[in-house]
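See below for the structure under consideration.
Residue numbers begin at 1 in each chain, while the letters A, B, ... track the order of the sequences.
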There are 2 protein chains.
Amino acid sequence: MKRTGEMSKSSPSAVSGRAQQLLKLLVERYIREGQPIGSRTLARGLGMDLSPASIRNVMADLEDMGLIKAPHTSAGRIPTVQGYRLFVDSLLTVKPLEQCEVHALRDKFGQTADPQQVLVTASSLLSEVSSMAGVIMVPRREQATVRQVEFVSLSDNRVLVVLVLSGHEVQNRVIHTSRRYSPSELTQAANYLNHALSGKDFNKVRDALLNEMRETQENINQLMMAAIEMANRTFQGAEEGGDYVLAGQTNLMAYAEMADIERLRLLFEAFNRKRDILHLLDQSLHAQGVQIFIGEESGYEVLDSCSVVTSPYEVEGEVVGVLGVIGPTRMAYDRLIPLVDVTARLLGAALNQTQ
Amino acid sequence: MKRTGEMSKSSPSAVSGRAQQLLKLLVERYIREGQPIGSRTLARGLGMDLSPASIRNVMADLEDMGLIKAPHTSAGRIPTVQGYRLFVDSLLTVKPLEQCEVHALRDKFGQTADPQQVLVTASSLLSEVSSMAGVIMVPRREQATVRQVEFVSLSDNRVLVVLVLSGHEVQNRVIHTSRRYSPSELTQAANYLNHALSGKDFNKVRDALLNEMRETQENINQLMMAAIEMANRTFQGAEEGGDYVLAGQTNLMAYAEMADIERLRLLFEAFNRKRDILHLLDQSLHAQGVQIFIGEESGYEVLDSCSVVTSPYEVEGEVVGVLGVIGPTRMAYDRLIPLVDVTARLLGAALNQTQ
DNA sequence: GTTTAGCACTCCTTCTATATGAGTGCTAAC
DNA sequence: GTTAGCACTCATATAGAAGGAGTGCTAAAC
């Protein structure tokens, strides 16, 4: 599934000032209109007085450098991946969000308190504002620690096990026990576990704890085993690469460049499978600021006609996840970059408050 | 969005034996091959020796009755919604699942213990076996009661509120309190609430409780208010029509009859919106056994080219939800009906065990 | 009365030919 | 270095013709 990118066939050498200006105009225009741009159109759009013929010369150079290409002989040119890359890296003039837009976003964030809900809100927001798909990695539990364990007695022989994890995530499960436990037994078991587990790296103390329990053979073991097994499963899941929240898949179906339903199906299946997308997001985890994968750059075939704009987000000064938007290669990078950037900050801030 | 169905234009009168036999063959064949069936093909498939011309006469009758139609003058015939309806109601010979298939399904169910997880498994199962979309309404909390409330003290001024609801669902949320509460205060508050709430219909006691609290003005109110607010939100959510788990959307993208990407987009958006689909599923809640909505019968435009096969499922002898598959009108009803039926039973059984 | 062969007719599909037009690359002149 | 001119390419659109699947109708056969 993963592939290595190919490089431009010609020298990626210095591009003359005018050629750059032209490329910029071409990419901007193509992003706006979605159709191959011809020399005549470009000549009109350009400020200076240059004939289409001159433009054609420059365009031929750009094509040699692998920055633009013609879908067929008598069409205009469209940017290649390398063209987009150069555009994004050195030609792009970003359009910062308006103050009111930022405020609108901030307001939306303000409304929700539940951490999980914040992620859902944020991904919906990303997808709505961008008209593409918004994706947010759920925050990684940086160190695998259990903060607190509680046992709550229910009716019959059922006990509710509550695990409070680092990062204030709470997990619970009802277990059926072989006998009824008194409240004091439950407290005792909880105290024991809390003392043994709290603050320590779970993976390190787990085995010691299990051994100890095997020796003492206490019959409240059943409860503790359940708790440990729960924690185990949780942390194992986390190690296996985490999870993400996705919104606005359907937005992608409205783009003409996504019309191939079979390709789209494969993309959606990749979304469901999650693995590939997570790997991609992981790559941005330790980048600072916004990162962009254009077309085949991502290395995943299903994303060949897509670009992904990502940004890591921080909670309490530490990067805990990545968020981004996914859409057709022909996307409004100038608007999306600040959008993703701002959303990452807002999400971090919102998650800080729920801690 | 909701519409009323139109009826057949001609008399839905008695259909002769041979005509029925022919219709059956036609529908079966069309479901298998997906292309309009002509008189010649039908004559060959039919056991008895009849010339295409004779068949044509019968087909003309069937068309007059609104049971089949021709996409255009010189194509064969395809079933109309009414044709499918008659087929499903009185002509269909269901293909019960093989014993080994049933066992395979049962095995899959056996593996999961968490109720929420069971729903996910079951919907995936439905979608995989049917190669269409599988949908499962989450079990309805029949009466809105809170079984138990617990407060767990966390570090700082944070308290974890745990709500155990009827149906063994557990909800939790961390709240920030204005001051630190002692363990005995927490127990006291929990006891108070448990006494007031447990087993009673929440909506009935809520207001009385709130009034009482306003009078006593105890400052542990903050905790109790939070708990009540949580319960309120939960039950309100339940009253607003519940929720469902969906799997295998992408399967639908592989069908030729779903090739229109814009229609598909609208369908997927309806899936996200949930409301319409929930309304539809609700209609099957009090039907006994499998129910089928063919094409426009559902009354929702987005489902015009789809059929939905549903069945309610029971926990402890009481219907708590509906499950089903959604796919193109041209679906293998004979296989799907038993599949949905069996899955409903298995789901009920699996949920019984997790109680 | 039912069945069937025959036949004209419809209309989708495919193929071919042709025109149109947008846009190019190249050359030669400015 | 720039540009006008021109031949060339190729996607797109349109029209006509051939082919074929399937129908409806009529009249004859059973």
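A salt bridge does not link A:Glu28 with A:Arg32: every distance from a Lys NZ or Arg NE/NH1/NH2 to an Asp or Glu carboxylate oxygen is 4.0 Å or more. A salt bridge links A:Glu269 with A:Arg265; the closest basic N to acidic carboxylate O contact falls under 4.0 Å.
Side-chain atoms of B:Tyr84 never come within 3.5 Å of backbone atoms of B:Val27 as a donor-acceptor pair (strictly under, hydrogens ignored). Side-chain N or O atoms of A:Arg77 include none that pairs as donor or acceptor with a backbone N or O of A:Lys69 at under 3.5 Å.
Rounded to whole Å, the distance from CG on A:Leu42 to C1' on C:dT24 is 14 Å. Summarising the geometry, the separation between NZ on B:Lys69 and C1' on D:dT23 is reported as 18 Å, rounded to the nearest angstrom. Atoms CZ (B:Arg40) and P (D:dA21) sit 9 Å apart, rounded to a whole Å. As a whole-Å value, the separation of A:Ile68 CD1 from C:dG25 P is 9 Å. As a whole-Å value, the separation of A:Ile37 CD1 from C:dA22 P is 15 Å.
Applying a 4.0 Å cut-off to non-hydrogen atoms, none of the residues of residues 27-34 of chain A approaches DNA chain C. Non-hydrogen atoms lying under 4.0 Å from DNA chain C are contributed by B:Ala53, B:Ser54, B:Arg56, B:Asn57, all within residues 53-61 of chain B. Within residues 71-80 of chain B, the residues that have a heavy atom under 4.0 Å from DNA chain C are, in order of number, B:His72, B:Thr73, B:Ser74.
Using a 4.5 Å cut-off on side-chain heavy atoms (C-beta onward), B:Ile337 and B:Ile292 make contact. Here the side chains of B:Val81 and B:Glu297 are in contact, with some heavy-atom distance below 4.5 Å. Side-chain atoms of A:Leu303 and A:Ile326, non-hydrogen and from C-beta on, do get closer than 4.5 Å to each other.
Between the side chains of A:Ser124 and A:Ser127, no donor N or O sits under 3.5 Å from an acceptor N or O.
Within a 6.0 Å sphere centred on CZ of B:Arg335, heavy atoms belonging to other residues, nucleotides or ligands number 12 at most. Dense packing is recorded around CG of A:Asp89, with more than 12 heavy atoms of other residues, nucleotides or ligands lying under 6.0 Å away.
Ring orientation note: the planes of A:Tyr333 and A:Phe87 are nearly perpendicular, at an angle over 60° on the 30°/60° scale.
Proximity of B:Arg18 to the phosphate of C:dT3: a side-chain N or O atom is located under 4.0 Å from OP1 or OP2.
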